[in-house]
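We name chains A, B, ... by the order of the sequence lines, and we start the count at 1 in each one. These numbers come from a predicted model, not from an experiment.
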Protein chains: 2
Amino acid sequence: MTRKATIGDVAKRAKVSPTAVSRWLNGGLELPETTGERIRTAVRELDYQPHAQARRLSKGKAEAIGIVVPDISNAFFALLAGEAERVAVASGHDVMIWSSRNRIERELACFDRLRAGYIDGLLLITNHEDDGRLASRIRSMPGRVVIIDEDVVGGDSAPRFFVENETGGYEATKHLLAYGHRRIAHIGGPKGVMSAIERAQGWRRAMTEAGITPDPSWHIRTEYEVEPATRDAEQLFALDPPPTAIFAGSDAVALGVMTTARRKGINIPRDISLVGFDGMPINDLFGPPLTSIAQPIDDLGRLGAERLIAMINGEKFDGTPTRLPVQLVARGSVAAPLKEKVSG
Amino acid sequence: MTRKATIGDVAKRAKVSPTAVSRWLNGGLELPETTGERIRTAVRELDYQPHAQARRLSKGKAEAIGIVVPDISNAFFALLAGEAERVAVASGHDVMIWSSRNRIERELACFDRLRAGYIDGLLLITNHEDDGRLASRIRSMPGRVVIIDEDVVGGDSAPRFFVENETGGYEATKHLLAYGHRRIAHIGGPKGVMSAIERAQGWRRAMTEAGITPDPSWHIRTEYEVEPATRDAEQLFALDPPPTAIFAGSDAVALGVMTTARRKGINIPRDISLVGFDGMPINDLFGPPLTSIAQPIDDLGRLGAERLIAMINGEKFDGTPTRLPVQLVARGSVAAPLKEKVSG
DNA sequence: ACGCTTTACTAAAGCGCTTTACAAAGAACT
DNA sequence: AGTTCTTTGTAAAGCGCTTTAGTAAAGCGT
């Protein structure tokens, strides 16, 4: 196994000093064409590639950022991370994507990597309740963290980008009310998670305005994931009387509802109407296509990454959160409720 | 901005040498409890975290691997990468995930990072035709690259894990034939891509065995993506007579077909039957649920990552490819063809 | 012929860690 | 009492690069 060529090897071959090679390669030194050509040839012949760790150690910069998502195999996060990655790569940064699987230890490990200089900045997407450790890490790394899609209590030293969750919940519920639904349940995100709280508030406000007091059993808090939502849907279907419509706190939750409905032979939207939240492009292909509150996913990813990189480059920002608008995308999962059998 | 604590600061505070700190932290030195306690305290008080680049430079190892996928926002690759990541993280490696967007330059850039020592190994997923550059890089980095889900011509110095593509294509087509279809089209992957070639061979073999000579217009080569497939489906629907069934080379392609069908009011499976390839869990939720050839996605990701890490740790392997079995998962997108109107 | 500027570089330090080689002090053995 | 072994460390080199400070030589004006 031949040793990899170092800058010294190149220098020797080009008959100059390593300094010259380094400075010339990095554009900090003008050299006459003959010398430049010698270096160029040496680099090519030795197939020289600067050693990444050495370069980064020396420069004191990692030229990389990290993106933490709850689960990269969730399409929503994959889309978000994909857009952020595109922006970061375009500005010359390497990107590490980590799945936290909602374990706070895994998230904290990413902060360790930030402190270790392994990355210059962190784009954080988290959707579980923080016990305070996350907030404290965020405060301890000013100018290095951007939070997107969610808020973290006490994380207000970092820029945050998220959407009009309350409005989204309100619009989703209004949409269902407009079709004549009254018993509208909500399967939302976990306790202590800002987006979940706000979306539920929107739902509650729309219900109240319509003169309906939601039964406590109509509000279920769950993970924003498919699997747990299938069980929550079962629980709702078992109610007597069951709800005629469900506002799901995420498209993944809506998928869980659809799975259970299909399994039980419950037809959407004939037997029950469904509205999701996220607005994934793929919603169009489900049976039926899923009506949903669309988040500007690309904008979230792009703005977050841009802000992070600007901060890494020394720009200062305060922690004012940016709220992006949401939009109802009506597809095929909502219909008028079945006429109730008039009892007795 | 206070400077970050270095190993020297810890050493000073604990009244020992940096050597002692380093060796004690890394388990290479037994120390009496009193000294150990002093170091432990110093580390805690200074919130010390070893500098990643320095450590890696010094050790000559990156303790990280890279995963290259065509597009991380494609659910199939996200699943594959997610599983591989899980394995790599469990063995103490950092993971970088890159989207190549099928640009060979982006893939080559990942090889540069490998040569630069930024990562110790590369898990490569590529699904476009190689012009030879990929194969040459693979050869130049023996024991550092594992290829999964696909084959690369000339990449036979690296371990490869992929599936029984020919059998998959054959089974998919047999399934459609069994329902009585005769005009079965195939929208497959791009020219020069091994999996596409093999899946098409399976399709052709099943057709031939059934005594059918596929019309050239029934075979379309495309990207394994949704968007281009929508146009290919249009092309097939415009044929006279149109095919009564389509074998799609990937689930993404099948999604493209479904999109176009929905747009044109063509009902699946009544008007046309459809079989995909990949077996994504989400297929169950489409309208109709998509029949597909399931790949063992988790196994591909896991085996690939395990093999790569074993090689990084010095184990030797030859380039014998490993073929994993596929399985037809029948859902709801296949039915018997409509009775043909008898002309005249 | 002398100083001054420009060109074309180089020497050496330093980034923060690990590792190899070695040493002082005390314990145990002869 | 002298020797050896064990314990408890340390000094210094080195990983491969960048950067700061500086210099030798050539060109130029007078």
Worksheet item: Under 4.0 angstrom, heavy atoms only, what part of the nucleic acid is A:L57 near: base, sugar-phosphate, or nothing?
Response: base
At less than 3.5 Å, do the side-chain atoms of [X] and the base atoms of [N] form a donor-acceptor pair?
{"X": "A:T19", "N": "D:dT18", "result": "no"}
{"X": "B:S17", "N": "D:dA11", "result": "no"}
{"X": "A:R56", "N": "D:dT18", "result": "no"}

According to a strict under-4.0 Å criterion, is [X] in side-chain N/O contact with OP1 or OP2 of [N]?
{"X": "B:R55", "N": "C:dT18", "result": "yes"}
{"X": "B:S58", "N": "D:dC15", "result": "no"}
{"X": "B:Y48", "N": "C:dC17", "result": "yes"}
{"X": "A:T35", "N": "C:dC9", "result": "yes"}

Worksheet item: What distance do B:R133 atom CZ and B:E107 atom CD have between them, rounded to the nearest 0.5 Å?
Response: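 The CZ atom of B:R133 sits 10.0 Å away from the CD atom of B:E107.
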Discussion item. Checking A:D130 now: which residues fulfil side-chain contact (heavy atoms from CB on, under 4.5 Å) with it, not counting sequence neighbours?
Written reply: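 Here the qualifying residues are A:I104, A:L134, A:A135, A:V152.
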Response to the item:
Readout for nucleotides 23-28 of chain D: B = base within 4.0 Å of protein heavy atom, S = sugar-phosphate only, - = neither; 5' to 3' it is ------
Rounded to whole Å, how long is the line connecting atom [atom1] of [X] with atom [atom2] of [N]?
{"X": "B:K4", "N": "C:dC15", "atom1": "NZ", "atom2": "C1'", "value": "12 Å"}
{"X": "B:I7", "N": "C:dT19", "atom1": "CD1", "atom2": "P", "value": "11 Å"}
{"X": "A:K59", "N": "D:dT18", "atom1": "NZ", "atom2": "P", "value": "7 Å"}
{"X": "B:Q53", "N": "C:dT18", "atom1": "CD", "atom2": "P", "value": "13 Å"}
{"X": "B:R23", "N": "C:dT20", "atom1": "CZ", "atom2": "P", "value": "9 Å"}

Practice prompt. With side chain to side chain contact (heavy atoms under 4.5 Å, CB included) as the test, would you mind laying out the steps for B:L122 and B:C110 before giving the verdict?
Written response: CA-CA 8 Å; B:L122 195 60; B:C110 299; 4.2 Å; yes
Practice prompt. Check whether the side chains of B:Y118 and B:R56 place a donor and an acceptor atom closer than 3.5 Å, and report yes or no.
Written response: no
Worksheet item: If you measure from the Lys or Arg side-chain nitrogens to the Asp or Glu carboxylate oxygens, is any gap between A:K12 and A:E45 under 4.0 Å?
Response: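 Judged by the 4.0 Å cut-off on N to carboxylate O distance, A:K12 and A:E45 do not form a salt bridge.
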